[in-house]
Each structure stands twice: as C-alpha cells, then as structure tokens.
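Working notes for the structure below.
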Amino acid sequence: MDNTCDICHRHAPAGCYLCDGCAYRMHTWLREIPRHLPLLQDLLRPDTGPAQRGGSGRAHSPLPVRVEVLDLLGPGHVVPLADPHGDQCADVPLAPLLYGWARYLAAELPSVWRDEHGTVRIEPCTGPVARGGSSITAWCSWLDAYLPYAVTRPWSADLYEQLEAVLRRIRRITHTRPRRRLMDAPCSASDCQAFALVEKEDELHISCDACGHRLTPDEYAAHRAAVMPALAALALRIGAQQAAAA
Ligand SMILES: [Zn+2]
Ligand SMILES: [Zn+2]
C-alpha cells in the first residue's frame with residue numbers, strides 16, 4: 001500500500017489507509033451522532049396541529065411518523081436492500097449501520113485467550129460487545145474506541161463514506177451544520193495572507209477559505225504568536241495617526 005489517504009489523497013501515516021485529518025473527522029462524527037438523537041426523537045412525530053374543517057381535504061390520513069426520521073431511527077437491514085426496480089427509498093438506519101460495522105470490525109480483530117490446558121489461542125472475535133448496551137450511543141462509542149484499528153484496514157474509506165452520508169441525512173433533518181470560527185491571524189501562506197483562516201468543529205486542521213492552506217492547531221498557535229504582536233503594533237500606530245489627524 002502507498003501512504004496516500006483513500007479519501008483526500010494527502011499523506012497518511014504508515015500502515016493507515018486514511019490520513020490524520022480524515023480519521024479525526026470520523027472521530028468527531030461518532031461523537032456528534034448521539035447529540036442529535038433527542039431532537040430526532042422529537043421530530044419523529046409530525047406536528048399534526050388542530051383538526052381543520054373544510055379546506056382542501058386529503059385522500060389519506062397523514063402518516064403518524066416522519067418517514068425520513070423513521071428511516072434513521074427504525075430497525076432495518078445492515079446493507080441496503082436489493083433494488084432491481086429502483087423503487088426502494090429507505091437507506092440503512094443508524095443502529096444497524098453502526099452495529100453492522102462493529103460486527104465487521106470485530107470479525108477481523110484477533111481474540112487472544114488461554115484454554116483449560118494453558119495454551120494460548122488466537123481466533124477471530126465472536127462479536128462486538130458495547131459496554132453501554134446496544135444503543136446507538138453505545139455503538140458510536142465502541143466504533144470511536146476502535147477507530148485507530150479501523151484506519152489500518154482497507155475498508156476504512158467505506159466506513160468514512162457511510163458515516164458521512166448518514167450524518168448528512170441527520171443534519172438535513174435537524175437543520176444543523178458543524179460550527180465554524182473565524183481566526184484572528186491572517187493565512188500563513190506567503191502568497192495569500194487573507195484573514196480567512198477558519199476553525200471547523202469536525203476538522204483537525206485550521207484551514208484557509210481563500211487558498212485552502214492548512215495548519216495544525218499547534219502550527220496556528222506558533223504562527224499567531226509570531227505575527228500578531230506586529231499586527232497589533234501596526235493597528236495601534238494607524239489608530240494614533242488617525243487620532244492625530246482628526
Ligand atoms: Zn484524508
Ligand atoms: Zn490562504
């Protein structure tokens with residue numbers, strides 16, 4: 001294998017199929033998914049509102065649940081249903097998706113134990129066990145704990161893409177997006193220097209919206225410490241000149 005990330009094609013650590021940035025994004029997603037659950041539960045039942053007389057009327061009673069939320073929270077198959085006629089609309093719900101990946105991962109993990117004669121046995125795990133039960137939150141924590149192993153497997157990009165897709169479905173329903181914070185130091189790329197460095201909730205790196213340049217938080221801290229005193233002095237000087245001219 002080469003040391004290129006299967007997702008973003010940047011450099012990946014030795015033995016890994018994903019780079020640190022993409023692995024970090026998966027880590028934040030697995031922590032974000034449980035935070036959406038209370039709102040998704042609330043959104044499951046549509047707001048029926050007061051009964052209305054007359055009006056345009058309906059041929060059928062409205063469904064008692066919102067289908068796109070049920071598609072996420074309901075039971076279901078681990079893999080999408082075969083769809084030869086193109087008439088399936090449901091994606092894999094959250095719980096089977098997460099459990100399916102945990103089971104897949106566990107099947108590759110070696111389990112080491114001693115039999116009654118004291119001989120060390122190494123066999124594949126029989127199945128994953130989440131300490132917090134079998135809830136969506138518990139499977140998110142389980143997968144998060146095993147991410148360092150997952151990124152060393154050739155299927156890690158599939159896990160990444162499926163988590164990204166399910167989070168996109170969730171965010172579409174809950175109308176949320178990752179928080180962004182504009183940083184105060186300008187871009188450190190010498191041909192850019194735009195005040196466009198942004199810290200994003202689900203990104204390991206601080207990146208420039210203008211040129212795409214990336215900095216780790218430590219690199220940004222060092223860069224900020226180097227440039228901000230001069231910028232602050234310049235701002236003070238300009239302020240003093242304006243006050244003198246007024
Ligand atoms: Zn990557
Ligand atoms: Zn830039």
Side-chain angles (χ1 to χ4, degrees), residues 1-37 94 97-98 101-102 105 137 139-232 234-235:
M1 71 185 276
D2 56 11
N3 277 15
T4 308
C5 174
D6 282 353
I7 295 293
C8 71
H9 309 298
R10 290 188 169 95
H11 174 77
C16 293
Y17 287 84
L18 298 188
C19 70
D20 289 345
C22 291
Y24 182 81
R25 217 169 290 135
M26 274 206 289
H27 161 72
T28 64
W29 293 341
L30 287 166
R31 285 168 177 239
E32 180 182 339
I33 288 169
R35 295 204 299 268
H36 289 284
L37 294 176
L94 266 171
L97 175 82
L98 297 166
W101 274 110
L105 198 157
T137 303
W139 288 122
C140 282
S141 309
W142 193 97
L143 285 170
D144 191 26
Y146 284 96
L147 268 189
Y149 174 77
V151 297
T152 66
R153 311 309 302 155
W155 41 256
S156 53
D158 294 329
L159 173 62
Y160 178 101
E161 283 169 357
Q162 291 184 22
L163 287 176
E164 183 180 37
V166 85
L167 203 55
R168 208 178 304 131
R169 284 162 61 201
I170 294 173
R171 287 179 183 152
R172 214 167 31 227
I173 294 169
T174 58
H175 300 293
T176 47
R177 54 174 61 182
R179 276 193 296 275
R180 292 163 51 94
R181 183 163 70 100
L182 185 64
M183 309 306 276
D184 51 7
C187 179
S188 60
S190 56
D191 53 350
C192 176
Q193 300 191 356
F195 284 90
L197 285 177
V198 174
E199 180 187 65
K200 296 176 194 140
E201 190 182 9
D202 62 349
E203 299 280 350
L204 175 63
H205 296 92
I206 290 160
S207 57
C208 176
D209 272 354
C211 74
H213 182 63
R214 303 195 315 168
L215 294 160
T216 65
D218 284 348
E219 287 167 348
Y220 174 78
H223 163 65
R224 187 182 185 281
V227 301
M228 289 310 274
L231 278 177
L234 181 66

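If you're wondering where the values come from, they're calculated on a predicted model, not measured in any experiment.
Rounding to the nearest 0.5 Å gives a distance of 9.5 Å between CG of Leu182 and CZ of Phe195. To the nearest 0.5 Å, atoms CG (Leu147) and NE2 (His27) are separated by 8.0 Å. Rounded to the nearest 0.5 Å, atoms CG (Leu163) and SG (Cys140) are 8.0 Å apart. Rounded to the nearest 0.5 Å, atoms CD1 (Ile33) and CZ (Arg171) are 9.0 Å apart. Rounding to the nearest 0.5 Å gives a distance of 11.0 Å between NE2 of His213 and CD of Gln193. In this structure, the separation between CD1 on Ile206 and CD on Glu219 is 9.5 Å, given to the nearest 0.5 Å.
With respect to Asp20 and Arg214, no salt bridge is recorded, no charged nitrogen being found less than 4.0 Å from a carboxylate O.
Cys19 and Cys5 make their closest contact through N-SG, 3.3 Å (heavy atoms, listed as atom of the first residue, atom of the second, distance). What you find for Met26 and Leu18 is that their closest heavy atoms are CE-CD1, 3.4 Å. Nearest heavy-atom pair, Asp6 versus Ala157, reported as atom, atom and distance to 0.1 Å: CB-CB, 3.8 Å. Pairing each heavy atom of Ala14 with each of Asn3, the nearest pair is CA-ND2, 3.4 Å. Nearest heavy-atom pair across Pro34 and Leu30 is CD-O, 3.2 Å.
When side chains are defined from C-beta on, Ile170 counts as touching Leu94, because their heavy atoms get closer than 4.5 Å. For the pair Leu204 and Thr216, the minimum side-chain heavy-atom distance is 4.5 Å or more. For the pair Leu231/Pro186, a side-chain contact is recorded, criterion being any heavy-atom separation below 4.5 Å from C-beta on.
Between the side chain of Tyr220 and the backbone N or O of Ala185, at least one donor-acceptor pair lies under 3.5 Å. Looking at His205, its side chain never comes within 3.5 Å of a backbone N or O of Lys200 through a donor-acceptor pair. Under a 3.5 Å cut-off, the side chain of Ser141 and the backbone N or O of Thr137 do form a donor-acceptor pair.
The salt bridge (Lys or Arg N to Asp or Glu O under 4.0 Å) with Glu201 is formed by just one residue from the set Arg181, Arg35, Arg180, Arg177; it is Arg35. Exactly one residue among Trp155, Trp29, Tyr17, Tyr24 makes a ring-ring contact (aromatic ring centres under 6.0 Å, His included) with Tyr160. That residue is Trp29.
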Give the C-alpha distance, both sets of side-chain angles, the deciding distance and a yes or no for side-chain contact (heavy atoms from CB on, under 4.5 Å) between Tyr146 and Trp101. CA-CA 11 Å; Tyr146 284 96; Trp101 274 110; over 6 Å; no
Show your reasoning for whether side-chain contact (heavy atoms from CB on, under 4.5 Å) applies to Arg153 and Leu159. CA-CA 10 Å; Arg153 311 309 302 155; Leu159 173 62; over 6 Å; no
Take Glu161 and Ile7 through the test side-chain contact (heavy atoms from CB on, under 4.5 Å) and record every step on the way to the result. CA-CA 9 Å; Glu161 283 169 357; Ile7 295 293; 3.9 Å; yes
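Judged purely by distance below 3.5 Å, without hydrogens or angles, the side chains of Glu32 and His36 pair a donor atom with an acceptor atom.
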